[in-house]
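The basis for the numbers below is simple: all heavy atoms, side chains too, and nothing from hydrogens, waters or symmetry mates. All chains are named by letter (A, B, ...) in the order of the sequence lines, taking the proteins before the strands, and each is independently numbered beginning at 1.
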There are 2 protein chains.
Amino acid sequence: METKTGADWPIHEIARLAGTTSRTLRHYDDVGLLAPSRIGHNGYRYYDRGSLVRLQRILLLRDLGLGLPAIGEVLANERDVAAALRAHVAWLRQERDRLARQIASVERTIESVNEGGDPMAENMFDGFDHTQYKDEVEERWGKDAYTRSDAWWRGLGPAGQAEWKERSAALIRDWNKAFEAGETADGEAAQELARRQVEWLTTVPGTPAATPGQDVKAYVTGLGEMYVADARFGANYGGPGGAAFVRDALAVYAQRNLGG
Amino acid sequence: METKTGADWPIHEIARLAGTTSRTLRHYDDVGLLAPSRIGHNGYRYYDRGSLVRLQRILLLRDLGLGLPAIGEVLANERDVAAALRAHVAWLRQERDRLARQIASVERTIESVNEGGDPMAENMFDGFDHTQYKDEVEERWGKDAYTRSDAWWRGLGPAGQAEWKERSAALIRDWNKAFEAGETADGEAAQELARRQVEWLTTVPGTPAATPGQDVKAYVTGLGEMYVADARFGANYGGPGGAAFVRDALAVYAQRNLGG
DNA sequence: CTTGACCTTGACGCAGCGTCAACCTTTAAC
DNA sequence: GTTAAAGGTTGACGCTGCGTCAAGGTCAAG
């Protein structure tokens with residue numbers, strides 16, 4: 001008969017010593033993170049001092065937020081603890097920043113709701129007036145452009161117009177999402193959005209993007225600049241920062257995929 | 001035969017319009033968040049403009065970080081959008097702060113590892129020297145106290161000493177965990193820790209907590225004050241802030257349970 | 001012998017879909 | 001008319017880290 005303070009302890013005892021639960025210990029056994037030092041003839045798990053030290057390291061790392069697989073690697077290599085922690089802290093910072101952006105976004109939404117500019121309103125698309133850009137379109141791309149564009153627009157009919165507006169709304173939403181998620185302008189997500197944006201542009205006749213043979217690259221790049229320069233457009237993308245993000249993504253996309 | 005721009009669209013189409021996937025739409029159907037407006041004789045799902053509006057609200061709220069059940073409630077009540085968002089932003093802030101504390105904690109650990117004071121070291125308990133507090137114990141609680149305490153300590157034997165050190169280490173770890181998790185001193189978690197701390201104190205003979213009839217309440221409260229005043233103890237609890245947390249928790253516990 | 005405390009394995013649950021799998025329908029093409 | 005490509009359907013597993021029963025063995029005490 002062993003004394004209780006002998007070579008090892010039963011599972012509940014060691015759990016108490018380390019400040020965790022027996023269920024957790026069984027889980028660590030299942031996933032191969034910490035095996036009992038001994039298993040009784042009855043299947044009972046027993047842990048000795050070595051297991052306890054390892055367990056305490058595991059719990060320390062877990063409290064720092066590392067995942068169990070990551071902990072397993074750290075304990076296996078034993079060398080790059082600091083490296084693993086540095087990588088981990090970088091990830092933590094990203095998460096914190098993402099949360100900060102999301103908080104800002106929610107706060108903007110609350111404000112917007114309070115001011116009655118309810119983004120949840122059923123008629124959120126009905127504020128979209130195609131003709132409000134008449135003068136500007138004519139000035140930028142000529143009178144023909146507006147006439148053609150307007151004819152196209154009327155030709156779509158109510159359902160078609162709704163669909164077009166929805167696609168543009170989805171695009172704006174996704175740009176915002178990517179921006180707030182901290183994507184980089186030359187990253188995969190942003191570039192996919194740029195592709196969608198260009199594809200979407202081609203549905204509008206009279207624009208260079210829809211007219212083969214024109215300098216699409218310059219057009220798309222210039223469009224991005226306009227998003228930044230024109231506050232009305234920029235507002236759709238979450239302010240100057242968001243517009244700049246869109247501009248950069250479009251510039252990268254144009255450079256890589258549109259010609260030259 | 002309906003025209004494509006008619007009353008409703010098939011699942012993939014509406015997913016594209018809203019910028020999500022058909023799988024997501026089926027999931028929303030499964031959990032009762034968004035049902036198709038019509039189901040074909042073949043089982044196909046079709047969505048109309050109403051579904052689309054609802055879907056866009058769902059996606060908007062989801063991007064703000066709300067869970068699907070919460071979104072369901074908001075859309076059902078329709079009124080307290082702002083209230084739900086305010087509650088949500090409070091939760092987001094908590095998370096952000098928790099991450100900030102965890103970042104600080106990981107950074108401290110990195111520093112500690114770099115300086116060689118490796119908290120992962122196998123012999124992390126061996127730096128614990130019971131006799132280092134000799135003079136102090138004598139000064140505070142008299143010579144007898146130290147003698148008794150020392151005899152008790154030697155009497156534990158190596159295994160018993162190890163266990164005792166481990167329990168104290170676990171306590172310190174759990175206090176830190178609770179502090180960094182943003183627990184309040186009078187909260188459930190902190191009070192449970194206080195209970196453990198007092199229970200643990202009673203294992204040390206010669207202290208009032210282990211001696212019935214003494215003023216345990218004053219002792220425990222005073223102990224907390226000492227944690228704050230004495231930097232050596234405070235260091236174990238993550239600096240002054242952590243020590244103050246422990247002190248407050250102990251004070252609340254003593255007030256509530258160690259009655260007068 | 002019984003009670004009660006502690007042990008075992010097994011399996012569901014959670015959040016939100018991604019990702020096969022196995023099997024129809026519709027549509028466009030030949 | 002047939003066929004192959006799309007796109008639809010209902011399951012069901014996977015991911016993270018255990019909490020939480022459930023059903024049933026083991027062990028020390030009365």
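- In this structure, A:Tyr46 reaches neither bases nor backbone, as no heavy-atom distance under 4.0 Å exists between it and the strands shown.
- Counting heavy atoms from C-beta outward, A:Tyr28 and A:Arg54 have side chains that stay 4.5 Å or more apart.
- At whole-Å resolution of the value, CZ in A:Arg16 and P in C:dC6 are 11 Å apart.
- The shortest distance between the side-chain N/O atoms of B:Arg23 and the OP1/OP2 oxygens of C:dT19 is not below 4.0 Å.
- For the pair B:Trp175 and B:Gln197, the minimum side-chain heavy-atom distance is below 4.5 Å.
- Separating the CG atom of B:Asp63 from the C1' atom of C:dG16 is a distance of 14 Å, rounded to the nearest angstrom.
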Heteroatom pairs (N/O) under 3.5 angstrom, protein to nucleotides 23-26 of chain C:
{"unit_1": "C:dT25", "atom_1": "O4'", "unit_2": "B:Tyr44", "atom_2": "OH", "d": "3.4"}
{"unit_1": "C:dT26", "atom_1": "OP1", "unit_2": "B:His41", "atom_2": "NE2", "d": "3.2"}
{"unit_1": "C:dT26", "atom_1": "OP1", "unit_2": "B:Asn42", "atom_2": "ND2", "d": "3.4"}

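- Using a distance-only test at 3.5 Å, with no hydrogens or angles considered, a donor-acceptor pair links the side chain of B:Asn176 to the main chain of B:Ile172.
- Across the interface with DNA chain C, nearest-nucleotide mapping of A:Pro10 and B:Arg62 shows A:Pro10 to be the residue nearer the 5′ end.
- In this structure, A:Asp8 places its CG atom 13 Å from P of C:dC7, rounding to the nearest Å.
- A straight line from CD1 of A:Ile39 to C1' of C:dT8 spans 11 Å, rounded to a whole angstrom.
- Using a 4.0 Å cut-off, some side-chain N or O of A:His12 falls inside it from OP1 or OP2 of C:dC7.
- The interatomic distance linking A:Ile11 (CD1) with D:dC18 (P) rounds to 13 Å, in whole Å.
- One can place CG of A:Leu55 at 14 Å from C1' of D:dC18, the figure rounded to the nearest angstrom.
- Residue B:Gly40 is out of contact with every strand shown, counting any heavy-atom pair closer than 4.0 Å.
- A sub-4.0 Å separation between OP1 or OP2 of D:dG17 and a side-chain N or O of A:Arg26 is absent.
- Residue B:Thr24 places none of its side-chain N or O atoms closer than 4.0 Å to OP1 or OP2 of C:dG16.
- With respect to the salt-bridge test (charged N to carboxylate O, under 4.0 angstrom), the residues A:Glu107 and B:Arg93 qualify.
- Here B:Lys177 pairs with B:Asp174 in a salt bridge; the nearest charged N to carboxylate O distance falls below 4.0 Å.
- Only one option out of B:Leu59, B:Leu55, B:Val53 pairs with B:Arg57 in a side chain to side chain contact (heavy atoms under 4.5 Å, CB included); it is B:Val53.
- At C:dC7, none of the side-chain N or O atoms of A:Ser22 fall inside 4.0 Å of OP1 or OP2 (strictly under the cut-off).
- The two residues B:Ala170 and A:Gly19 have their closest heavy-atom pair at CB-N, 4.3 Å.
- Atom pair B:Leu25:CG and C:dG16:P shows a separation of 15 Å (rounding to whole Å applied).
- In this structure, of D:dG19, C:dC17, D:dT9, it is D:dG19 that holds the atom nearest to the side chain of A:Thr21.
- Computed from coordinates, the B:Glu13 CD to D:dA6 P distance equals 16 Å when rounded to whole Å.
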